[in-house]
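Values below: all heavy atoms of this structure, side chains included; hydrogens, waters and symmetry mates excluded.
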Amino acid sequence: MRLSPSLGVAAVVAGLLSVGAALLAMPDASLLWAVVTLAALCGHALTASGTPRVRWSVAAGAGLFALVAAANLLWHRERVADAGEPERAQGATWAYLLESLRDGLDRQRLTAWGLTLGVLLISVAVPALPSRSWWRGVVTTVLAVAVLVWCGLSVASTPGEPPLLDLFLAAQPALLAALATAAVLASSGWRGDRRGLLTAGMALLALVALRGCSDFASMWASRWTLIEPARDAFLQPGVMVSVGGSAGGALEVSSAVETAVALGGAGLAVAGVLRASRENARP
């Protein structure tokens, strides 16, 4: 079918435009092109050849990613509108900082749940894919374990000395996203396409999940520090003193690289599943 390759090319072009907009510090345009990219991926999966189980599960996962990107676009536009209000321009008050952190945490939860459910929808197609060599499965399983260990360490090493149990409980959505991506990453070595596109895509999505764990933990710790300041902190009216350490363990990635990793991961995962399905249909 000609429509499916055309939508695939459109997804690549829109993805490049999204990365370019992020590189030029245009987050609104970057998010808009990200929505177009993921919607094109959804259409590409729907119109591709293959079994309905594979096509519909992959299309549902890409469609959910597109909905999350659209929600983030709306959230960004609301934040820009709020920042332009006169009362917001007078300075960041304590209450406003708490509100911003709460909104940021809500956005992180939405993104984490979207990544989790989207990956799980894509994983429905994995059992229908052709099996591969055992050594590839061993390698991807080791990578998946490393992802989970790295995620746990990034949360546990969050600066500010927040209660670890409360931190891990609060970060459940981000941790579940890391667990889902790691599980599909591990299974992609046992069943997937010959060129390893699915494995590469899930590895990139695992990086997105890791970044989400780090960001969520840092944001939650900052909010906890504001609500429960340390006993030795010296506070004056109108002045906020941060008692946490520097976020040296946080991932330092530019917006353009983040966008490229997220969209590239989704695109490679979709392409890998569809390619593996075609390979499985060959005699």
Side-chain angles (χ1 to χ4, degrees), residues 1-12 14-15 34-70 111-134 136-141 143-144 147 173 176-206 208-209 262-283:
M1 298 179 65
R2 292 186 176 183
L3 183 58
S4 181
S6 299
L7 288 172
V9 173
V12 173
V35 174
V36 175
T37 301
L38 296 168
L41 282 176
C42 178
H44 171 60
L46 282 175
T47 56
S49 59
T51 61
R53 173 183 177 179
V54 172
R55 291 189 294 108
W56 282 99
S57 62
V58 173
L64 188 58
F65 290 157
L67 290 177
V68 173
T111 303
W113 282 117
L115 178 59
T116 302
L117 295 177
V119 168
L120 290 178
L121 286 171
I122 293 176
S123 70
V124 173
V126 174
L129 303 182
S131 59
R132 297 301 172 189
S133 57
W134 65 270
R136 284 181 56 174
V138 172
V139 171
T140 54
T141 301
L143 287 176
V147 166
L176 286 176
L179 179 62
T181 54
V184 182
L185 173 61
S187 62
S188 67
W190 302 97
R191 290 184 176 273
D193 61 295
R194 186 177 292 107
R195 295 187 178 180
L197 297 179
L198 176 59
T199 298
M202 292 313 305
L204 292 179
L205 290 179
V208 174
L263 296 180
L268 287 173
V270 170
V273 172
L274 296 177
R275 182 179 180 84
S277 179
R278 291 194 296 269
E279 291 173 354
N280 200 26
R282 292 172 184 170

- Message: Run the side chain to side chain donor-acceptor pair (under 3.5 Å) test against Arg136 and tell me which residues pass, sequence neighbours left out.
- Response: none
- Shortest non-hydrogen pair, Val270 vs His44, comes out as CG1-CD2, 4.4 Å
- Would you say the side chain of Val9 lies within less than 4.5 Å of the side chain of Val12, judging by non-hydrogen atoms? no
- Message: With a 4.5 Å cut-off on side-chain heavy atoms, are Ser188 and Val126 touching?
- Response: no
- Side-chain heavy atoms of Thr47 within contact of Leu7, under 4.5 Å: yes
- What's the shortest heavy-atom distance between Val36 and Ala14, and which atoms? CG1-CB, 3.9 Å
- Task: Would you please name every residue forming a side chain to side chain donor-acceptor pair (under 3.5 Å) with Thr140, sequence neighbours left out?
- Result: none
- Task: Enumerate the residue pairs fulfilling salt bridge (Lys or Arg N to Asp or Glu O under 4.0 Å) with a member in residues 119-132, sequence neighbours excluded, ordered by first and then second residue.
- Result: Arg132-Glu279
- Please report the closest heavy-atom contact between Ala177 and Leu115, naming both atoms and the distance. CB-CD2, 4.0 Å
- Query: Between Arg53 and Val124, is there a donor-acceptor pair closer than 3.5 Å when you use the side chain of the first and the backbone of the second?
  - Reply: yes
- In terms of heavy-atom contacts, Ala128 and Val54 come closest through CB-CG2, 4.2 Å
- Partner set under side chain to side chain contact (heavy atoms under 4.5 Å, CB included) for Pro52, not counting sequence neighbours: Arg55, Trp56
- Message: Can you list everything that forms a side chain to side chain contact (heavy atoms under 4.5 Å, CB included) with Thr141? Sequence neighbours excluded, please.
- Response: Ala186, Trp190
- Query: Are the side chain of Ser123 and the backbone N or O of Leu120 linked by a donor-acceptor pair below 3.5 Å?
  - Reply: yes
- Task: Evaluate the criterion side-chain contact (heavy atoms from CB on, under 4.5 Å) for residue pair Leu67 and Val35; output intermediate values, then yes/no.
- Result: CA-CA 8 Å; Leu67 290 177; Val35 174; over 6 Å; no
- Item | Criterion side-chain contact (heavy atoms from CB on, under 4.5 Å) on Leu268 and Leu204, from CA distance to verdict | CA-CA 9 Å; Leu268 287 173; Leu204 292 179; 3.9 Å; yes
- Query: Where do Ala144 and Ala182 come nearest, in terms of heavy atoms and distance?
  - Reply: CB-O, 3.1 Å
- Test side chain to side chain contact (heavy atoms under 4.5 Å, CB included) applied to Ala262 - qualifying residues, sequence neighbours left out: Val208
- Query: Side chains of Ile122 and Phe65: does their closest heavy-atom pair fall under 4.5 Å?
  - Reply: yes
- Task: Working to the nearest 0.5 Å, report the span between OG1 of Thr116 and CG of Leu179.
- Result: 8.5 Å
- Task: Looking only at non-hydrogen atoms, find the nearest pair between Leu198 and Gly192 and report the distance.
- Result: CD2-CA, 4.3 Å
- Item | Those residues that, when tested against Ala59, pass side chain to side chain contact (heavy atoms under 4.5 Å, CB included) (two or more places apart) | Cys42, Ala45, Leu46
- Task: Might you work through the side-chain contact (heavy atoms from CB on, under 4.5 Å) test for Asp193 and Arg278, ending with a clear yes or no?
- Result: CA-CA 9 Å; Asp193 61 295; Arg278 291 194 296 269; over 6 Å; no
- With sequence neighbours excluded, residues passing side chain to side chain donor-acceptor pair (under 3.5 Å) with Thr37: none
